[in-house]
Amino acid sequence: MNENTSTSTTELDRPYVADKPAVRETDDELRARIPGWGADLDPADRPAVPRERYAPEVTGAHWEFPDRQPEPYPRERSIEHGMLTPVFGTVAPLHGVSGAIRRYAYRYSEGRAAHWLLLIAGDRVDSFGAHVKSLATLHPDNPVTETGVLSEVRRHGWSSRVRSRRVDRSHTWIDPILVAGPWVATGVVAVMLARKAVALARR
Amino acid sequence: MKAMVYRGPYKIRVEEKDIPRIEHPNDAIIRVTKAAICGSDLHLYHGLMPDTRVGMTFGHEFIGVVHEVGPSVENLAVGDRVMVPFNIYCGSCYFCARGLYSNCHNVNPNATAVGGIYGYSHTCGGYDGGQAEYVRVPFADVGPSVIPDWLDDEDALLMTDALATGYFGAQLGDIRHGDTVVVLGAGPVGLYAAKSAWLMGAGRVIVIDHLEYRLAKAREFAHAETIDFAEHDDIVVTMKRTTDNLGADVVIDAVGAEADGNFTQHLTGAKLKLQGGSPIALNWAIDGVRKGGTVSVMGAYGPIFSAVKFGDAMNKGLTLRMNQCPVKRQWPRLLEHIRNGYLKPSDIVTHRLPLEAIGEGYHMFSAKLDGCIKTIITMDAA
Ligand SMILES: NC(=O)c1ccc[n+]([C@@H]2O[C@H](COP(=O)([O-])OP(=O)(O)OC[C@H]3O[C@@H](n4cnc5c(N)ncnc54)[C@H](O)[C@@H]3O)[C@@H](O)[C@H]2O)c1
Ligand SMILES: [Zn+2]
Ligand SMILES: [Zn+2]
């Protein structure tokens, strides 16, 4: 017989035979090493079990359906909803161009990519508009103090990264481009247009 | 009042805002004493969550003191010291009646696929959050609880999300006596999930990340074995080799949309937003778990499609379980565990900052600088 067939002592045979892997530590060892080991051992006695436990009486709600909060302005909503929910957030109501894009997005269900992609487009228009507008106020957006980038110095940005093998180093360079890129691009375009205008005026 | 305000991707600042008003008879206004920054806030900060509007205040982990109550509030009084679950929920809809507090149907007009969350974009209802001096808390009779006298502030604060979520993640893994549990991600959620896996009788707990300082915390705080995936060419093979080629019985994804480890996935998912997040860790979970095993997903993903390895999940007969954590359902048991000394949530707190320094807090946590694991914003110190 070929002696190579008896390989039962190598670790490689484990899933190819019926036995479970041997326990590494006994329950007593685990209990001694880890405070509380096994305190929730019984799967039926865990707070998330059973999955859908019908218990409306434990929530603290003392209404069958909540009072309705007033709707101070027409509140946008998912077309998957049958009605406006009785309670909703009222921060940052839709406004301007970003508001129009977002309102349009709400014509599509949450199942449509158009819904989400339009919302993201609205987000970018919103923040771009807010930055531009802030330049005309006493509190313009400040890319140095408001990106937390100063903490690179105070919080050891260099040594947190170089002394480590962490894999996010492969894309750390992208963030400054994502943040500053649109501004630099806008600036370059503005300068180019200004030069063209000056050249045209001189001609 | 002072509040953290979103200005656009990677940009936040502290602004003066009006103190929120009672808008519904069951509202309360809470004066925040402590808030925290969650891994989920990073998805907003990076502009990953659709309908995140300029002017919104983030923050869904906070505790405070009741400042004002609406006319129908029965369970809270002005002056009560309260902790507030990150979920906003009515307590009476179809889903709340069945314990699915994170899936409430009465609080989020903007989407039906997610419930209400404080300071978490309009896609989660358009509510301001608690990284501010005051916050509006809807359904004051349902969500908040008075903090027991013996519980300290930081532990209470961590109960409002991270701790409850880690514990919930371990439960969704349906861990059985002696199971091998792999936790992907050694952030607050992953650390608490690893610790909780032992409570449920795991025989081995292995935590995987690429940040050595967090893995050190996993060994010390969560008594776990650790693997640094930066040291392994193919982490799925490593996961198999360390589990007798079987694969883990349970894998918990505590990473979510901004996972690292695959440049293309990270670029398209987290940076360019062409996917609803980069499902690297989720795919590792699917491929690293054993056939017939369970993947519990606590990591958050955006609402658009992601390149998930669904075929492997199907062929392997996996059980995939996930949800936003219904926080308050976990509280009674978590309080017992804290009281018994099994859990000490605040052991993972690394930084405490005043509200003025919150920009620094976000950047430090996002870039994982200075050994940052969990940052607490202290209002009264401001
Ligand atoms: N389901 C819920 O109710 C709920 C609640 C809170 C947080 N979350 C989500 O949980 C996730 C974790 O939150 P957190 O506060 O711990 O965040 P965190 O950013 O501190 O932790 C994430 C960790 O994952 C690590 N990581 C990155 N790529 C990895 C990979 N491929 N494999 C293994 N580890 C990897 C990171 O280095 C980091 O340590 C986030 O997505 C957050 O949105 C969900
Ligand atoms: Zn969170
Ligand atoms: Zn509800």
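Proteins get letters first, then strands, A, B, ... in listed order; numbering begins at 1 in each.
Heavy atoms of A:Pro93 lying under 4.5 Å from chain B belong exclusively to its backbone. The contact between B:Tyr45 and chain A is made entirely by side chain atoms (from C-beta outward), counting heavy-atom distances below 4.5 Å. Contact of A:Ser127 with chain B is made through backbone and side chain together, with heavy-atom distances under 4.5 Å. Contacts between B:Glu360 and chain A at a heavy-atom distance below 4.5 Å involve backbone atoms as well as side-chain atoms. In this structure, the portion of A:Arg102 lying under 4.5 Å from any heavy atom of chain B is its side chain and not its backbone. Within the 4.5 angstrom heavy-atom criterion, only side-chain atoms of A:Pro43, from C-beta onward, approach chain B. Neither the backbone nor the side chain of A:Ser98 comes within contact range of chain B, judged by heavy atoms closer than 4.5 Å. Both the backbone and the side chain of A:Leu94 come within less than 4.5 Å of a heavy atom in chain B.
Looking at residues two or more places apart in sequence or on another chain, you find a side chain to side chain contact (heavy atoms under 4.5 Å, CB included) between B:Val114 and B:Asn108, B:Ala111, B:Thr123, B:Cys124. When the side chain to side chain contact (heavy atoms under 4.5 Å, CB included) test is applied to A:Ser78, the partners found at least two apart in sequence or on another chain are A:Glu80, A:His81, A:Glu110, B:Thr112.
The neighbour count for B:Phe263 CZ, taken as heavy atoms of other residues, nucleotides or ligands under 6.0 Å away, is above 12. Heavy atoms from other residues, nucleotides or ligands lying under 6.0 Å from CZ of A:Arg33 number more than 12.
Checked by atom type, the side-chain pair A:Tyr106/B:Asn110 shows a donor-acceptor distance below 3.5 Å.
Interface check for chain B: of the options A:Asp67, A:Ile120, A:Asn142, the most heavy-atom pairs under 4.5 Å are formed by A:Asp67. Here B:His105 is the residue among B:Gln330, B:Lys273, B:Met56, B:His105 with the most heavy-atom pairs under 4.5 Å with chain A.
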